[in-house]
Protein chains: 2
Amino acid sequence: MRYKTDLEAMVLAALGDGPAHGYGIVRTIRARSEGVLKMGEGQLYPILHRLEEEGLVGGDWEMQDGKPPRKVYTLTEAGHGALESRQREWGAFANAVARVFSKKHEAEAAYDHGAPSLEVRHA
Amino acid sequence: MRYKTDLEAMVLAALGDGPAHGYGIVRTIRARSEGVLKMGEGQLYPILHRLEEEGLVGGDWEMQDGKPPRKVYTLTEAGHGALESRQREWGAFANAVARVFSKKHEAEAAYDHGAPSLEVRHA
DNA sequence: ACATTATATATCATAACGCGATATATGTCA
DNA sequence: TGACATATATCGCGTTATGATATATAATGT
């Protein structure tokens with residue numbers, strides 16, 4: 001079934017607007033989701049390293065004075081493509097879940113009707 | 001972060017329209033999601049047993065001739081309540097993910113890197 | 001006659017992964 | 001002094017998804 005807990009996709013999405021470093025990505029996801037999604041650093045860094053290894057993101061160290069150095073990650077071309085396909089997959093998945101939750105199932109086994117439009121809306 | 005892999009909620013949803021047995025639940029989920037969600041029996045039965053133990057569903061054995069006996073599960077009152085709250089949780093979660101994917105982020109927390117960005121603050 | 005598929009429940013091993021704790025290092029503020 | 005924010009990183013624990021396997025009968029296919 002794979003109700004996939006796709007933290008990778010969230011990280012890619014957070015990098016969609018431009019480069020960012022790990023600590024910032026965590027806050028971005030928290031901010032955009034208005035506190036609903038809380039990714040811990042323990043999950044983020046392994047994901048970031050895997051994405052880098054897979055060539056979906058590139059990382060560059062950046063020195064700062066008065067603060068620890070940080071590694072700024074940027075989506076590669078492959079990364080942008082991955083983001084798009086992940087987003088499409090999420091859409092299909094979310095619609096599927098919405099259909100299972102839906103209380104109207106007239107045409108469940110009857111015939112093949114057009115694609116039901118149960119969109120996931122965001123504020 | 002809890003990108004919750006809520007197969008339980010799918011099972012509750014499948015029972016929302018009325019009693020069903022395990023094998024039927026699998027097919028219901030598959031049908032309603034138009035093949036996107038494919039739950040295996042290996043996941044279903046443990047979930048069903050747990051739900052029964054928690055009092056969210058009740059199970060009654062039903063004999064059939066020519067076919068194996070089957071256990072028909074029915075949502076309890078508590079089960080109906082759980083279904084509703086799970087659905088609400090899913091909605092909040094799905095909207096949060098959609099927001100993270102979304103490309104419009106007016107009032108995002110500034111996570112300074114490179115060029116300073118204009119923070120649009122609206123009352 | 002034999003094999004596959006459908007109905008139907010159930011368990012198990014493995015791998016993957018979320019989660020929280022922990023470590024390291026520096027600067028600021030009370 | 002102690003707490004908090006910035007910043008990266010690893011580790012163990014427990015949960016869980018996945019696929020394989022087992023059992024049993026009937027219908028269908030070759």
Side-chain angles (χ1 to χ4, degrees), chain A residues 1-11 14-15 19-31 33 36-54 57 59-73 89 93 96-97 109, chain B residues 1-11 14-15 19-31 33 36-54 57 59-73 86 89 93 96-97 109-114:
Chain A
M1 187 164 201
R2 205 85 203 137
Y3 217 83
K4 193 161 188 183
T5 80
D6 216 342
L7 305 192
E8 265 186 31
M10 292 298 95
V11 174
L15 290 171
H21 61 282
Y23 198 73
I25 291 171
V26 169
R27 287 181 305 178
T28 296
I29 291 174
R30 212 166 292 210
S33 71
V36 177
L37 307 182
K38 287 178 271 276
M39 174 156 40
E41 288 85 357
Q43 290 122 265
L44 176 70
Y45 291 107
I47 288 169
L48 236 21
H49 298 158
R50 187 167 61 241
L51 291 176
E52 195 179 5
E53 203 179 348
E54 288 168 357
V57 303
D60 297 289
W61 281 100
E62 199 177 72
M63 301 311 285
Q64 305 185 110
D65 42 50
K67 282 176 187 175
R70 61 193 187 179
K71 198 168 178 184
V72 176
Y73 292 93
E89 282 165 31
F93 173 72
V97 173
Chain B
M1 183 164 199
R2 203 95 200 127
Y3 218 84
K4 197 163 186 181
T5 82
D6 218 344
L7 305 193
E8 265 185 31
M10 291 297 95
V11 173
L15 289 171
H21 60 284
Y23 197 73
I25 292 171
V26 169
R27 285 180 307 178
T28 296
I29 292 174
R30 212 165 292 209
S33 72
V36 177
L37 308 181
K38 288 178 269 274
M39 175 155 39
E41 286 85 355
Q43 288 123 267
L44 176 69
Y45 291 107
I47 288 170
L48 237 22
H49 298 158
R50 189 168 59 240
L51 291 176
E52 195 179 5
E53 204 180 346
E54 288 169 359
V57 302
D60 297 290
W61 282 100
E62 200 177 72
M63 302 310 287
Q64 306 186 111
D65 43 51
K67 283 176 186 174
R70 58 191 190 181
K71 198 169 179 184
V72 176
Y73 293 93
R86 295 301 196 96
E89 283 165 31
F93 174 71
V97 173
Y111 53 99
D112 53 82
H113 78 78

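Just so we're on the same page: letters track the sequence lines, and every chain starts at 1. Computed from a predicted model, the values in this text were never measured in an experiment.
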Review point. Are OP1 or OP2 of D:dT8 and a side-chain N or O of A:Arg70 less than 4.0 angstrom apart?
Key: no
Exercise for review: Look at the rings of B:His49 and B:Tyr45 and say which category their plane angle falls in: under 30° parallel, 30 to 60° tilted, over 60° perpendicular.
Suggested key: tilted
**Study point:** Selected nucleotide, minimal atom distance to B:Arg50 side chain, candidates C:dT9, D:dT8, D:dT16
**Key:** D:dT16
Practice item. Nearest whole angstrom, please: distance from the P of D:dA26 to the CE of B:Met63. Key: 12 Å
Revision key, fill the gap. Atom CE of A:Met39 and atom C1' of C:dG20 are separated, to the nearest Å, by 15 Å
Review point. What pairs with A:Pro68 under side chain to side chain contact (heavy atoms under 4.5 Å, CB included), at least two apart in sequence or on another chain?
Key: none
Revision key, fill the gap. Whole-Å distance, A:Lys38 NZ to C:dC19 P, equals 10 Å
**Study point:** side-chain contact (heavy atoms from CB on, under 4.5 Å) evaluation trace for B:Glu8 with B:Arg86
**Key:** CA-CA 9 Å; B:Glu8 265 185 31; B:Arg86 295 301 196 96; 2.6 Å; yes
Contact list (N/O, under 3.5 angstrom) for nucleotides 23-30 of chain C vs protein:
residue	atom	partner	partner atom	Å
C:dG27	O4'	A:Gly66	O	3.4

Check your understanding: Taking only residues two or more places apart in sequence, or in another chain, which ones meet B:Arg27 in a side-chain hydrogen bond (donor to acceptor under 3.5 Å, both in side chains)?
Key -> none
Practice item. Using a 4.0 Å heavy-atom cut-off across all strands, classify B:Arg27 as base, sugar-phosphate, or nothing. Key: sugar-phosphate
Review point. Side chains of A:Leu48 and A:Ile25: does their closest heavy-atom pair fall under 4.5 Å?
Key: yes
Check your understanding: Can you tell me how far P of C:dG18 sits from CE of A:Met10, to the nearest Å?
Key -> 12 Å
Review point. How close or far is atom P of D:dA17 from atom CZ of A:Phe93, stated in whole angstroms?
Key: 11 Å
Point to revise | Side chain to side chain, B:Leu51 and B:Leu15, heavy atoms closer than 4.5 Å | key: no
N/O contacts under 3.5 Å, protein versus nucleotides 10-14 of chain C?
residue	atom	partner	partner atom	Å
C:dA10	OP2	B:His49	NE2	3.0

Study note, to complete from the structure: Here the distance between atom C1' of D:dT8 and atom NE2 of A:His21, to the nearest Å, is 10 Å
Practice item. Ignoring backbone atoms, test whether B:Gln64 places a side-chain nitrogen or oxygen under 4.0 Å from the OP1 or OP2 oxygen of C:dA8. Key: yes
**Study point:** Contacts of B:Ala96 that satisfy side chain to side chain contact (heavy atoms under 4.5 Å, CB included) - sequence neighbours left out
**Key:** A:Ser33, A:Val36, A:Leu37, B:Arg99
Practice item. Check the distance between C:dT7's C1' and B:Arg30's CZ and give it to me in whole angstrom. Key: 14 Å
Review point. Under the side chain to side chain contact (heavy atoms under 4.5 Å, CB included) test, which residues partner A:Lys71, sequence neighbours left out?
Key: A:Glu52, A:Trp61, A:Tyr73
Practice item. Round to a whole Å and report the spacing from CG of A:Leu51 to C1' of D:dA9. Key: 16 Å
**Study point:** Partners passing side chain to side chain contact (heavy atoms under 4.5 Å, CB included) against B:Gln64 (at least two apart in sequence or in another chain)
**Key:** B:Lys67, B:Arg70
